[in-house]
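Report on one structure; see the data block that follows.
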Amino acid sequence: MMSDKLSWMAVFASLAVLSALGVVFGYAPVEASMGIVQKIFYFHVSSALAAYTGFFLCCGASIYYLLKGDRRADVVARAGAEVGVLFCTFVLISGPLWARKAWGTWWTGEPRLMLTMVAALIFYAYVVVRSIGGRTEITRRICAALAILGVADIPLVHFAVQKWRGNHPRVLRNGGISDEMEVALTAAMLAVFSLFATLVLLRIRVGMAEEKVERLHRLATARGNDIEDRRRSPLLENP
Amino acid sequence: MKRLLCLVAAVAVLSAFEAAPAAAEGSGAAPAAYSADRLSKEGFVPAAPGQAVEDSVPGGLLMLTAYGVLWTLVGGYLWRLSRRTAATQRDLDALGQRLDDLNARLKQG
Amino acid sequence: MSVPRRTPTLAQQVWLLLQKDLRVEMRTGEVVATSLLFSAVLVSLFVFAGFSTRKAASEGAPGLLWMASAFVAVLVVTRTFEREREDGAVTALLLIPGASTALFFAKLVYNWLLLTLVQGVLLLLVGGVFSVDWFAHGYAVAVALLLGGFGLCAVGTTLAALLAAMRLREVIVPVVLFPLCVPLLIAGAQASVAAIRGQNSGAWMVTILLFDLLFVGLGQWLFGLALEGAGGGEGDSE
């Protein structure tokens, strides 16, 4: 079923994930005041980046689809949105789990948390519209438009929530991270992004196969009608 | 399939809240002061070897839940994709059968 | 009346389409009446839910005002194409050359006028129930409502056009509209809070204005695409 390239990709992703887990739990030190819960951080941050990558991929492919009408771009957009939503869900669940220990509360009105929440809501709506609308041209256009509106909204939401309030630990920008932790973060990034790429490519493959089947269905129906017509009126010449 | 994903997410969220009462009992009135201290601080500090790490909230459980959620989500998505692939394959087989029939009839007629 | 030879300008087209909708609305008064009633019910719900007895009402009132605006906006925009859909007039309107831009602005301004009317009443209701004097510190709240209402309608009109042929439209429009309007709601509520406290709300106004510009631009583009799709392939929807 799977082509060689994609299965190699999957093997690589699995190895990357396993070794990242090894580095995170075996090599990186336990954080002094938060304890072991800080180990969420490595996959949390990488997944957030992967989620936004998925959303931007979806937006780019959607613009291309609206301009050129290429169905393959639509398949790519759908893959980006679905995998993005997957990682975004993880970020939204692991964030509060970490915050419970680190900040003493499940949820704070923290800018990046709120931004991710809004982005997730928009793309959840995207996925829901996809499934309600079915495989029609109008649904494809609606979803492309939603992706564009949603991604265009992200900078504005970011600006508004930043201006409103802010207290996320700015770990990466201030260099407040030890060398071992940095190695673990790099490993987690590599793992999450190879997992992301594998899932997106797999989803694209499935989507392309579905497109192909649909095209063949139309072909078969047209041919069937053709034969029926000829059988009913033998005088009709072959076109 | 969407329903399945929602279900998985719901179970994950519920299990996270399941852990909440236990966590709350352990910490008592600490959270407010604790969070204020935390908020003013930037960066992570590695614990010295052998240093006892304060553990008023069961961090290990929270962390295990988080990683459990990640692998459940990925596994659920893969399962869903495999279902879709199987459905597409069935479609394709039916279609091939139908095209063969049509071709046979074309030759006859 | 003589028929003009040349194609009317965009402004003329917008005005003609707007007149048509306003005339229908003035004859029936359906949307205005139901929206006003809805906003009265909404404010009374806030009262019964216990918001008006809180000490912090002057902080909460702007938030409620903007939330109510968002709810009313949904009510107004989901009906944007109701009449056209009933008698299949969207395709006819699109036969006019360059009509999609004119149609977008006509519908946008029409929705905005209705929303502004209801927002005016909401301002009085919320101000009365929560004892807030909106105009004690100038007209910043009114300006924010006008600008913010325009943004709400820009997104809402676009979504109404996009989702016109969609099943479960009434649920999906708010589900998409509210997250998209989060920056607008934050900026609007904060601008109002600042105005009540007598502080400068300029930065929030700029945010609202940016939102308006972005979504009028994008909306105008996507509106055309959506209607082309609806006009071309009405059969394949649902």
Side-chain angles (χ1 to χ4, degrees), chain A residues 55 59 62-63 65-69 74 85 88 109 111 113-166 214 218, chain C residues 151 154-156 158-159 161-169 171-191 193 203-204 206-215 217-219 221-238:
Chain A
F55 297 155
C59 176
S62 295
I63 293 174
Y65 176 69
L66 281 184
L67 294 178
K68 306 274 171 159
D74 178 69
V85 159
C88 209
L113 208 58
M114 289 196 283
L115 175 63
T116 310
M117 181 88 186
V118 173
L121 285 178
I122 292 171
F123 278 89
Y124 281 139
Y126 177 100
V127 173
V128 168
V129 170
R130 276 277 178 178
S131 77
I132 292 177
R135 307 170 60 80
T136 59
E137 172 60 20
I138 189 83
T139 307
R140 283 189 284 271
R141 279 176 189 236
I142 291 171
C143 287
L146 287 187
I148 294 167
L149 288 173
V151 170
D153 204 35
I154 286 177
L156 273 176
V157 181
H158 178 74
F159 175 75
V161 294
Q162 277 293 339
K163 197 170 148 37
W164 192 20
R165 44 181 59 175
E214 199 186 307
R218 277 204 301 275
Chain C
V155 181
T158 313
L159 290 178
L162 284 171
L163 299 169
M166 190 88 188
R167 232 154 34 87
L168 303 177
R169 175 176 61 250
V171 190
I172 293 179
V173 168
V175 159
V176 180
L177 180 68
F178 291 154
L180 284 176
C181 288
V182 162
L184 192 72
L185 293 181
I186 292 175
Q190 293 310 308
V193 169
W204 291 118
V206 173
T207 313
I208 299 177
L209 211 58
L210 272 178
F211 185 93
D212 287 6
L213 286 176
L214 178 67
F215 281 100
L218 277 179
W221 175 48
L222 295 171
F223 186 89
L225 281 172
L227 287 186
E228 272 170 40
E234 265 169 355
D236 76 348
S237 56
E238 298 209 13

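Note on naming: letters A, B, ... go to the chains in the order of the sequence lines (proteins, then strands), and numbering restarts at 1 for each one. In what follows, every heavy atom counts, from backbone to side chain, and hydrogens, waters and symmetry copies are set aside.
If you tally non-hydrogen atom pairs under 4.5 Å between each of Ile154(A), Thr139(A), Leu66(A) and chain C, the highest count goes to Leu66(A). By number of non-hydrogen pairs under 4.5 angstrom with chain C, the leading residue of Ala145(A), Gly150(A), Ala152(A) is Ala145(A).
Inter-residue side-chain proximity for Leu149(A) and Leu222(C) is flagged as met; some heavy-atom pair is nearer than 4.5 Å. Annotation: side chain of Tyr126(A) is not in contact with side chain of Val176(C) (no heavy-atom distance under 4.5 Å). Contact annotation: the side chain of Leu146(A) approaches that of Leu159(C) to within less than 4.5 Å [non-hydrogen atoms, C-beta and beyond].
Separating the CG atom in Leu163(C) from the CD1 atom in Ile138(A) is a distance of 9.0 Å, to the nearest 0.5 Å. Atom CG of Leu177(C) is separated from atom CD1 of Ile122(A) by 10.5 Å, given to the nearest 0.5 angstrom.
Smallest separation of non-hydrogen atoms from Ile132(A) and Arg167(C): O-NH2, 3.4 Å. The minimum heavy-atom distance between Pro183(C) and Asp153(A), with the atom names listed, is CG-OD1, 3.5 Å. In terms of heavy-atom proximity, Ala203(C) sits nearest to Lys163(A) at CB-CE, 3.4 Å. In terms of heavy-atom proximity, Pro179(C) sits nearest to Leu121(A) at CG-CB, 3.9 Å. For the pair Trp204(C) and Trp164(A), the tightest heavy-atom approach, listed with the atom from each and the gap, is CH2-N, 4.1 Å.
Looking at Ile172(C), only its side chain comes within 4.5 Å of chain A, counting heavy atoms on both sides. At a 4.5 Å heavy-atom cutoff, Phe178(C) makes no contact with chain A through either its backbone or its side chain.
The 12-atom threshold is not exceeded at CE of Met117(A), counting heavy atoms of other residues, nucleotides or ligands nearer than 6.0 Å.
Under the ring pair (Phe, Tyr, Trp, His ring centres under 6.0 Å) criterion, Phe159(A) pairs with no residue, sequence neighbours left out. Partners of Leu67(A) according to the side-chain contact (heavy atoms from CB on, under 4.5 Å) rule, which considers only residues two or more places apart in sequence or in another chain, are Ile63(A), Trp221(C).
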